[in-house]
Amino acid sequence: MSIQTDCMTINIRVGMWMGYKLDKVKTKEVTTEAGAHDDAARVNKHLMPKESLSKIVSKGSAVRNHLYANTLPWKDSGDRLITRQRYEKPFMVEHSTLRGEFYGEVDEFLENKYLVARDQAEFRMGSLFNPYDYPTVDVLRRKFYVSLDIDGISTAYDFRLNDSEEVFQARVTKAMGGLWEKLRKPLEHFADTMADDKKVFRDTTVSNLKDIVAMIPELNFMNDPKLTQIGLQVSKALATFEPKDLRNNATSRATVGNEAAEILESMKGFMNAFGNKGGDDEA
């Protein structure tokens, strides 16, 4: 796999109107009454009940989290690395679904909730109410959006982009460290959970680990043989087990838990090469 031909960078912008408005008059009243400096306090009005926007916020977070889960860290600007293989499928297929769900909640809010909440605001806000705080539906719609920025990977010698070889290699190390970390987190959680036969666990303790293992070949853009080997070890250890098997069979649970702990121990030296825990602390 070639990083220049088989990978790209991707960034996401999710826009949301949160229904906050600074009230300068009330802010001045509060600071004056307290004998405080003008910048000591701010009175922000909540123009909408929190629950009216909660589903949009949740869907926006889901869109962002999906990007982090399918990509690796690249630039400090927020650019993430994704392979072309993973970008086309499943990433864009799943992203389109999540994006559609986000806009579906936006439509529900604008068409069925916003105007009602605005009409009720005079009673809800009391003396804080100002009708000019509330944009029209058409203006408000433009404040909600999901946008992807996609670009190619510049080489270590592309001085037009001010990328030195040292910076380029640091990004590669950070990205590969992020991939190791994607495996370490669910594997560590799995091992800790299996070590206690009294601990109740969700199906996702197993399924999340299986999903990450399945993702490794598509994101292993440096073809790291040790990472490939460890992914195969985890896959083999889990191959015959479903969550219900591990809940109902203490022996199986102990066996697979010990295997996971041994694999984690073998990973330590390789993790150290990427700064102990790798470079991805978002996903």
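We count residues from 1, following the sequence as given.
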Any side-chain donor near an acceptor of the partner, Asn220 and Thr228, under 3.5 Å
yes
Shortest non-hydrogen contact between Pro131 and Phe129, atoms and distance
CD-CE2, 3.6 Å
A side-chain contact here means heavy atoms from C-beta on lying under 4.5 Å apart; do Val30 and Arg42 qualify?
no
Distance, nearest 0.5 Å, that separates NZ of Lys21 from CG of Leu47
8.0 Å
Is there a path of hydrophobic side-chain contacts, each under 4.5 Å between heavy atoms of I/L/V/M/F/W/Y residues, joining Val43 to Met125?
no
If you compare all heavy atoms of Met194 against all heavy atoms of Gly257, which two are closest, and at what distance to 0.1 Å?
CB-CA, 3.5 Å
Any donor-acceptor pair under 3.5 Å linking the side chain of Thr31 with the backbone of Ala36?
no
Taking every non-hydrogen atom, the tightest pair across Gly178 and Pro73
CA-CD, 4.1 Å
Within 6.0 angstrom of Arg84 CZ, more than 12 heavy atoms from elsewhere:
yes
Determine whether Glu88 and Val93 make a side-chain contact, defined as any pair of heavy atoms from C-beta on separated by less than 4.5 Å.
no
If you define the side chain from C-beta out and look only at heavy atoms, does anything of Asp119 sit under 4.5 Å from Val116?
no
So do the side chains of Val146 and Val63 get within less than 4.5 Å of each other, counting heavy atoms only?
yes
Side chain proximity check, Ile56 to Tyr103, heavy atoms < 4.5 angstrom
no
Is the side chain of Ser235 donor-acceptor paired with the backbone N or O of Leu232 at a distance under 3.5 Å, no angle test?
no
Donor-acceptor contact below 3.5 Å, side chain Asn249 vs main chain Asp245
no
Taking it one step at a time, do Arg171 and Ile153 satisfy side-chain contact (heavy atoms from CB on, under 4.5 Å)?
CA-CA 11 Å; Arg171 288 175 183 164; Ile153 301 287; over 6 Å; no
Test side-chain contact (heavy atoms from CB on, under 4.5 Å) applied to Tyr145 and Val106, step by step
CA-CA 9 Å; Tyr145 57 86; Val106 171; over 6 Å; no
Which class fits the ring pair Trp17 and Phe109: parallel under 30°, tilted 30 to 60°, perpendicular over 60°?
tilted
Please answer whether the main-chain N or O of Phe201 pairs with a side-chain N or O of Thr205 as donor and acceptor at a distance below 3.5 Å.
no
Between CG of Leu53 and CD of Glu105, what distance do you get to the nearest 0.5 Å?
10.5 Å
Trp180 vs Leu227, side-chain contact (heavy atoms from CB on, under 4.5 Å): CA-CA, chis, key distance, verdict:
CA-CA 7 Å; Trp180 277 90; Leu227 185 56; 3.9 Å; yes
Taken to the nearest 0.5 Å, the spacing of Gln120 CD from Leu115 CG works out to 11.0 Å
Check whether any side-chain heavy atom of Ser127 lies under 4.5 Å from a side-chain heavy atom of Lys26, and answer yes or no.
yes
Rounded to the nearest 0.5 Å, what's the gap from CZ on Phe91 to CG on Asn70? Could you check?
6.0 Å
By salt bridge (Lys or Arg N to Asp or Glu O under 4.0 Å), which residues pair with Asp192, not counting sequence neighbours?
none
Would you mind checking if Asp23 and Lys45 are paired as a salt bridge, meaning a charged N to carboxylate O distance below 4.0 Å?
yes
Can you tell me how the ring of Tyr114 sits relative to the ring of Tyr134, calling it parallel under 30°, perpendicular over 60° and tilted otherwise?
tilted
Under a 3.5 Å distance rule, please check whether Arg141 uses its side chain to pair with a backbone N or O of Asp107 as donor and acceptor.
no
Would you indicate whether the side-chain heavy atoms of Arg124 and His46 approach each other to under 4.5 Å?
yes
Can you find a pair of side-chain heavy atoms, one from His95 and one from Ile12, that are under 4.5 Å apart?
yes
Please evaluate residues Leu183 and Met267 with respect to the criterion side-chain contact (heavy atoms from CB on, under 4.5 Å), reporting the C-alpha separation (whole Å), side-chain torsions for both, the decisive distance (0.1 Å), and the verdict.
CA-CA 10 Å; Leu183 176 60; Met267 288 173 62; 4.2 Å; yes
CG on Leu246 to CZ on Arg253, rounded to 0.5 Å
7.5 Å
Counting heavy atoms not belonging to Glu33, are there more than 12 under 6.0 Å from its CD?
no
Dump the intermediate steps for salt bridge (Lys or Arg N to Asp or Glu O under 4.0 Å) on Lys210 and Glu242, then the final yes or no.
CA-CA 10 Å; Lys210 288 184 176 182; Glu242 294 297 330; 3.5 Å; yes
Just to verify, what does Glu94 make a side-chain hydrogen bond (donor to acceptor under 3.5 Å, both in side chains) with, not counting sequence neighbours?
His66
Backbone N/O of Met48 and side chain of Ser52: donor-acceptor pair under 3.5 Å:
no
Could you grab the distance from atom NZ of Lys24 to atom CD of Glu29, nearest 0.5 Å is fine?
15.0 Å
Which heavy atom of Pro186 sits nearest a heavy atom of Lys182, and at what distance?
CD-O, 2.9 Å
Looking only at heavy atoms, the pair that brings Leu110 and Leu140 closest together is CD2-CD2, 3.7 Å
Is any NZ, NE, NH1 or NH2 atom of the basic residue among Glu188 and Lys185 found under 4.0 Å from an Asp or Glu carboxylate oxygen of the other?
no
Quick test of your reading of the model: are Arg247 and Asp203 salt-bridged, counting only N-O distances below 4.0 Å?
yes
Salt-bridge present (Glu101, Lys59; N to O < 4.0 Å):
yes
Indicate the atoms forming the closest heavy-atom contact of Ile216 with Gly231, along with that distance.
CD1-CA, 4.3 Å
Does Asn248, at its CG atom, have more than 12 non-hydrogen atoms belonging to other residues, nucleotides or ligands within less than 6.0 Å?
yes
What pairs with Arg86 under salt bridge (Lys or Arg N to Asp or Glu O under 4.0 Å), at least two apart in sequence or on another chain?
Glu218
In terms of hydrophobic clusters joined by side-chain contacts under 4.5 Å, are Met16 and Val137 together?
yes
Please check this pair: side chain of Thr71 against backbone of Leu67, looking for a donor-acceptor N/O pair closer than 3.5 Å.
yes
Quick one: does any side-chain atom of Ser58 pair with a main-chain N or O of Lys55 as donor and acceptor, under 3.5 Å?
no
Name the one of Asp79, Asp151, Asp149 that satisfies side-chain hydrogen bond (donor to acceptor under 3.5 Å, both in side chains) with Asn11?
Asp79
